[in-house]
Number of protein chains: 2
Amino acid sequence: MIFTWVAIVLQAWEGKLRGLGYRVTAPRRAVLRALARAHRPLSVAELHKRGRAQYACLGLVTVYRTLQMLERVGLARRIHAGGACRSFVASTPGHSHTITCEHCEKTAEFDGDDVCLLPAGLEERTGYRVSGHWLQLVGVCRSCRASGD
Amino acid sequence: MIFTWVAIVLQAWEGKLRGLGYRVTAPRRAVLRALARAHRPLSVAELHKRGRAQYACLGLVTVYRTLQMLERVGLARRIHAGGACRSFVASTPGHSHTITCEHCEKTAEFDGDDVCLLPAGLEERTGYRVSGHWLQLVGVCRSCRASGD
DNA sequence: TGGTAACTGAAAGTGATTTTCACTTGGGTC
DNA sequence: GACCCAAGTGAAAATCACTTTCAGTTACCA
């Protein structure tokens with residue numbers, strides 16, 4: 001039996017959900033799988049379509065509900081792109097940020113605890129005491145650079 | 001004749017719009033004014049309501065169109081809050097970031113060219129060459145701290 | 001094996017945004 | 001100052017993005 005990377009990730013996710021008291025159902029598996037296989041942020045509609053490839057009668061509402069749940073437990077992350085926040089990527093729990101390729105949209109996470117690294121004297125300049133932040137980077141991924149795009 | 005700060009800002013904005021070939025109309029002035037007077041991010045509906053205080057028959061569609069135009073020229077900025085990107089604040093053109101108070105939502109800009117200051121070796125770690133970023137901070141403003149909130 | 005609370009899909013409801021179109025107007029021209 | 005017309009406008013309708021409701025189904029614990 002061959003285990004793909006996606007299968008291993010799904011296994012881990014399902015264990016995590018079960019551990020948190022969530023049921024692992026066929027519709028949820030379909031959404032999880034679509035998320036795990038994607039290499040770029042996907043809209044709810046796209047996830048619905050891809051999820052249906054695995055579970056034909058997957059309902060759109062279930063996709064919304066599953067994403068909400070996955071976001072809550074840190075397994076999915078909402079991405080800001082094109083003036084809206086309607087796309088999702090798979091995520092690992094914990095504090096991290098994302099970087100998205102401006103050509104192919106492939107999105108990666110990187111650990112962010114050491115990022116900010118905020119401008120010196122920000123509190124003095126603005127009067128605000130910083131308690132949180134939200135950072136998204138844009139760049140060009142290795143393969144798009146290699147293909148000269 | 002007394003010039004308030006808001007009046008001065010509006011004057012500058014109107015000059016900028018005219019310079020770019022946009023017409024300065026009563027509906028646009030109403031939206032600009034509502035934006036300039038706000039101390040926190042406002043939704044489209046709120047801007048519509050406030051704009052009507054100055055120009056009674058301001059249409060909702062015009063608010064959308066004006067915001068789109070202002071965002072394009074850098075005079076308004078969309079703010080991400082509560083899982084959506086539906087609020088706007090006045091903005092100064094150029095590269096800067098925002099910080100929003102988690103209590104009163106008052107939002108300030110700060111210059112961001114010196115921010116990132118990204119984690120060393122990000123390109124090596126992720127394979128991405130960074131070309132841009134989007135950063136929003138959350139904190140507590142001076143007056144909310146003073147009031148012990 | 002049940003039993004049951006969690007989960008589901010369809011349909012209807014809501015709210016945000018865009019499109020369309022006939023009408024109005026800012027601002028340059030004479 | 002009157003005229004012109006492309007840019008701008010508001011209302012209504014259409015579209016899109018969710019959310020709620022509800023009757024039926026199912027994962028999983030005892």
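Each chain gets a letter, A, B and so on, in the order the sequences are listed, and its residues count up from 1. This is a predicted model, so every value here is computed, not measured.
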Review item, side-chain donor-acceptor pairs of residues 25-35 of chain A, under 3.5 Å, at least two apart:
unit_1   : atom_1 : unit_2   : atom_2 : d
Thr25(A) : OG1    : Arg28(A) : N      : 3.3
Arg28(A) : NH1    : Arg23(A) : O      : 2.9
Arg29(A) : NE     : Glu14(A) : OE1    : 3.4
Arg29(A) : NE     : Glu14(A) : OE2    : 3.0

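When rounded to the nearest whole Å, the span between CZ of Phe88(B) and C1' of dT17(C) equals 11 Å. Nucleotide dA10(C) holds its P atom 9 Å from the CG atom of Leu58(A), rounded to whole Å. Put simply, CG on Leu32(A) is 13 Å from P on dC7(C), counting in whole angstrom units. Rounded to whole angstrom, the span from the CZ atom of Arg72(A) across to the C1' atom of dA6(C) amounts to 13 Å. When rounded to the nearest whole Å, the span between CE of Met69(B) and P of dA7(D) equals 14 Å. dG8(D) atom C1' lies 14 Å from atom CG of Leu70(B), rounded to whole Å.
Arg52(A) places a side-chain N or O within donor-acceptor distance of the main-chain N or O of Leu58(A), the cut-off being under 3.5 Å.
In this structure, the separation between CE on Met69(B) and CG on Leu67(B) is 9.0 Å, given to the nearest 0.5 Å.
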Distances for protein N or O near nucleotides 1-3 of chain C N or O, under 3.5 Å:
none

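Heavy atoms only, all atoms of each residue included: Trp5(A) and Ala36(A) are closest at CZ3-O, 4.2 Å. Closest non-hydrogen pair, Pro41(A) versus Val89(A), comes out as CA-CG1, 3.4 Å. Looking at every heavy atom in both residues, Arg145(B) comes nearest to Gly127(A) through NH1-O, 3.1 Å.
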How does each nucleotide of nucleotides 23-30 of chain D score, in 5' to 3' order, for protein heavy atoms under 4.0 Å: base (B), sugar-phosphate only (S), or none (-)? ---BBS--
Go along nucleotides 13-22 of chain D 5' to 3' and tag each nucleotide: B for a protein heavy atom under 4.0 Å from its base, S when only backbone or sugar atoms are that close, - otherwise. ----SBBBB-
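Clustering ILVMFWY residues whenever any of their side-chain heavy atoms sit less than 4.5 angstrom apart, transitively, puts Phe88(A) in the very cluster that holds Trp13(A).
Remark: His48(A) engages no residue in a ring-ring contact (aromatic ring centres under 6.0 Å, His included) (not counting sequence neighbours).
Exactly one residue among Arg77(A), Glu109(A), His133(A) makes a side chain to side chain donor-acceptor pair (under 3.5 Å) with His97(A). That residue is His133(A).
Cys pair Cys144(A)/Cys101(A): SG-SG separation is not below 2.5 Å.
Residue pairs satisfying the salt bridge (Lys or Arg N to Asp or Glu O under 4.0 Å) criterion with at least one member in residues 97-107 of chain A, sequence neighbours excluded, are listed as follows: Arg40(A)-Glu105(A).
Within the 4.0 Å cut-off from OP1 or OP2 of dG26(C), not a single side-chain nitrogen or oxygen of Arg28(B) is found.
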